[in-house]
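Heavy-atom basis, side chains included; hydrogens, waters and symmetry copies ignored. Source: prediction; values computed, not measured. Numbering of residues begins at 1 and proceeds along the displayed sequence.
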Amino acid sequence: MNPDVSSPSAGNTWVRRFHHAGDGPRLVCFPHAGGSAAFYHPMSAALSPDIGVLAVQYPGRQDRLREPCIDSIPELADAVFDALAPLTDEPVALFGHSMGATLAFELAVRMEKRLGRSPSALFLSGRRAPTHFRAEFVHTRDDAGIVAELAALSGTAPALLQNQEILDMVLPMLRSDYRAIETYRGGADDVVSCPVTVLTGESDDRVSVREAADWAAHTHGAFTLKTFPGGHFFLDEHRDAVTDLVRAGLAVPRG
C-alpha cells in the first residue's frame, strides 16, 4: 500500500492509514517540522493490527505539494481539528514529535474546549513544555542555513541534503514549518485532563530534560517522563522501545 496515497476515508486529504487496523485503540500521529505522514509508517507497521495508526499529512508536501503551507501553529491546529472531527466521536490517542508534539497538545486543548472530551492519551516527544520559549530564527536563515540545521539534527539522509532538485521542492515547506513553530507562544494556563507521556532524548540540545519534565504542569491526569539515549531524533534509534511504551500507555499487550 502506498503510504502517501491511502487515507481512512474518501476525501480526507489530511490523514493517512498505512496498515490494516482491528478493533483496538486508534492513535493519530503528528510529524515534526519538515516531516510527512510517512515518518510514522514504521510505527504503524509495528503496532498494527492491535492499534490503528493514522498519520497527519500537512499541506505543502508530497501529495499535497501544490497546496499552500500553513505557517501558524494556531491556524494549523484549527485546520487539523476540523479535519479530524469525524474521527473524534470515538476515543483516540495522540502522538507527536517535535513540532508535531505541539500540534498534538493544541489539538487536545481544542478537543476539551470545543467538544468537552479529551484524547484517551497524549504522547509528546522531543518538544519543550509551552512555558519554555527559546528565541530561534531558523526560518529567517538563507537556504544554506536551513540545510545546515537539518544536518545538525541528523534526521534527514545526507544524500537528500545534497540533492538540489529535492531541496528546491522542500525548502519552502521547511521554512514555513520553522516559522510556525518558532513564532508559536503556548498558553501557560492550557491544561488537558488526559494522561500525558513525554519522551525526550538525553542529548537533545533543543530540549532539556527539565524543559520536557515541565509538561507535567499541563495535565490534570497522570504524567510520565521517559528519557532515551540519543539526540533529537532518538525515535529512529529506539523504535521498539517507543512502540512498547505506546502499547503500555494504551494498555495493549504485544500480540
Side-chain angles (χ1 to χ4, degrees), residues 7-9 11-17 21 23-33 35 37 39-40 43-44 47 51-59 70-131 177 180-181 184-199 212 214-225 245-252:
S7 62
S9 59
N12 192 332
T13 61
W14 284 86
V15 183
R16 303 291 175 270
R17 187 198 303 273
D23 297 327
R26 293 177 303 163
L27 179 70
V28 179
C29 298
F30 296 79
H32 52 282
F39 178 75
Y40 289 105
M43 179 178 289
S44 175
L47 295 175
I51 297 172
V53 175
L54 306 172
V56 173
Q57 183 81 308
Y58 310 138
I70 300 177
D71 62 1
S72 159
I73 292 295
E75 291 180 19
L76 187 54
D78 284 341
V80 171
F81 175 84
D82 291 340
L84 295 185
L87 304 176
T88 57
D89 288 340
E90 298 180 7
V92 61
L94 309 178
F95 186 110
H97 180 67
S98 196
M99 182 183 83
T102 296
L103 277 168
F105 177 71
E106 287 290 329
L107 179 62
V109 170
R110 282 160 173 74
M111 288 176 63
E112 294 208 7
K113 290 182 176 179
R114 301 178 187 180
L115 302 177
R117 55 180 178 270
S118 65
S120 57
L122 189 57
F123 300 90
L124 306 175
S125 169
R127 186 62 192 170
R128 306 181 293 273
T131 46
D177 284 359
I181 194 59
Y184 168 75
R185 301 293 185 274
D189 297 329
D190 283 340
V191 179
V192 296
S193 58
C194 62
V196 171
T197 300
V198 171
L199 302 75
D214 283 347
W215 277 107
H218 294 273
T219 180
H220 294 307
F223 178 80
T224 303
L225 175 66
L245 184 149
V246 171
R247 285 181 179 276
L250 298 181
V252 177

Run Gln57 and Thr13 through side chain to side chain contact (heavy atoms under 4.5 Å, CB included) and show every step you take. CA-CA 7 Å; Gln57 183 81 308; Thr13 61; over 6 Å; no

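Within the 4.5 Å cutoff, side-chain heavy atoms of Val252 are placed close to those of Pro25. At least one side-chain heavy atom of Phe95 sits less than 4.5 Å from a side-chain heavy atom of Met43. Residues Leu47 and Val53 meet the side-chain proximity criterion, which asks for heavy atoms closer than 4.5 Å. Residues Leu122 and Thr219 form no side-chain contact, since every pair of their non-hydrogen atoms from C-beta on lies 4.5 Å or further apart.
Minimum interatomic distance between Ser72 and Pro74 (heavy atoms only, all atoms of both residues): OG-CD, 3.2 Å. Summarising the geometry of Ala101 relative to Leu124, their closest heavy-atom pair is O-CD2, 3.4 Å, with the distance given to 0.1 Å. Of all the heavy atoms in Leu225 and Ala212, the pair that sits closest is CD1-CB, 4.0 Å. Nearest heavy-atom pair, Ala108 versus Val192, reported as atom, atom and distance to 0.1 Å: CB-CG1, 3.8 Å. Contact detail for Phe81 and Arg114: the closest heavy-atom pair is CD2-NH1, 3.6 Å. In terms of heavy atoms, Phe123 sits closest to Gly249 at CZ-CA, 4.1 Å.
To the nearest 0.5 angstrom, Thr102 atom OG1 is 11.0 Å from Leu76 atom CG. With rounding to the nearest 0.5 Å, the separation of CG in Leu103 from OH in Tyr184 is 8.5 Å. Annotation: the span from Leu107 atom CG to Thr88 atom OG1 amounts to 8.0 Å, rounded to 0.5 Å. Note that the CG atom of Leu250 and the CG atom of Leu245 stand 9.5 Å from one another [nearest 0.5 Å]. The CD1 atom of Ile73 lies 11.5 Å from the CZ atom of Arg185; values are rounded to the nearest 0.5 Å. Atom-to-atom distance recorded for Phe105:CZ and Arg127:CZ is 12.5 Å, nearest 0.5 angstrom.
Under the side chain to side chain contact (heavy atoms under 4.5 Å, CB included) criterion, Ala129 pairs with Thr131, His132, Asp214, Trp215, His218, not counting sequence neighbours. The salt bridge (charged side-chain N to carboxylate O under 4.0 Å, His left out) check on Asp89 picks up Arg117, with sequence neighbours excluded. Among residues two or more places apart in sequence or in another chain, the side chain to side chain contact (heavy atoms under 4.5 Å, CB included) test is passed with Pro86 by none. Take Ser193 and apply the side chain to side chain contact (heavy atoms under 4.5 Å, CB included) test, not counting sequence neighbours, and it matches Glu112, Ser118. Legend: residues meeting salt bridge (charged side-chain N to carboxylate O under 4.0 Å, His left out) with Arg26, ordered by chain and number and at least two apart, are absent. Partners of Asp82 under the salt bridge (charged side-chain N to carboxylate O under 4.0 Å, His left out) rule, at least two apart in sequence or in another chain, do not exist in this structure.
A distance-only check finds a donor-acceptor pair linking the side chain of Tyr40 to the backbone of Phe30 [under 3.5 Å].
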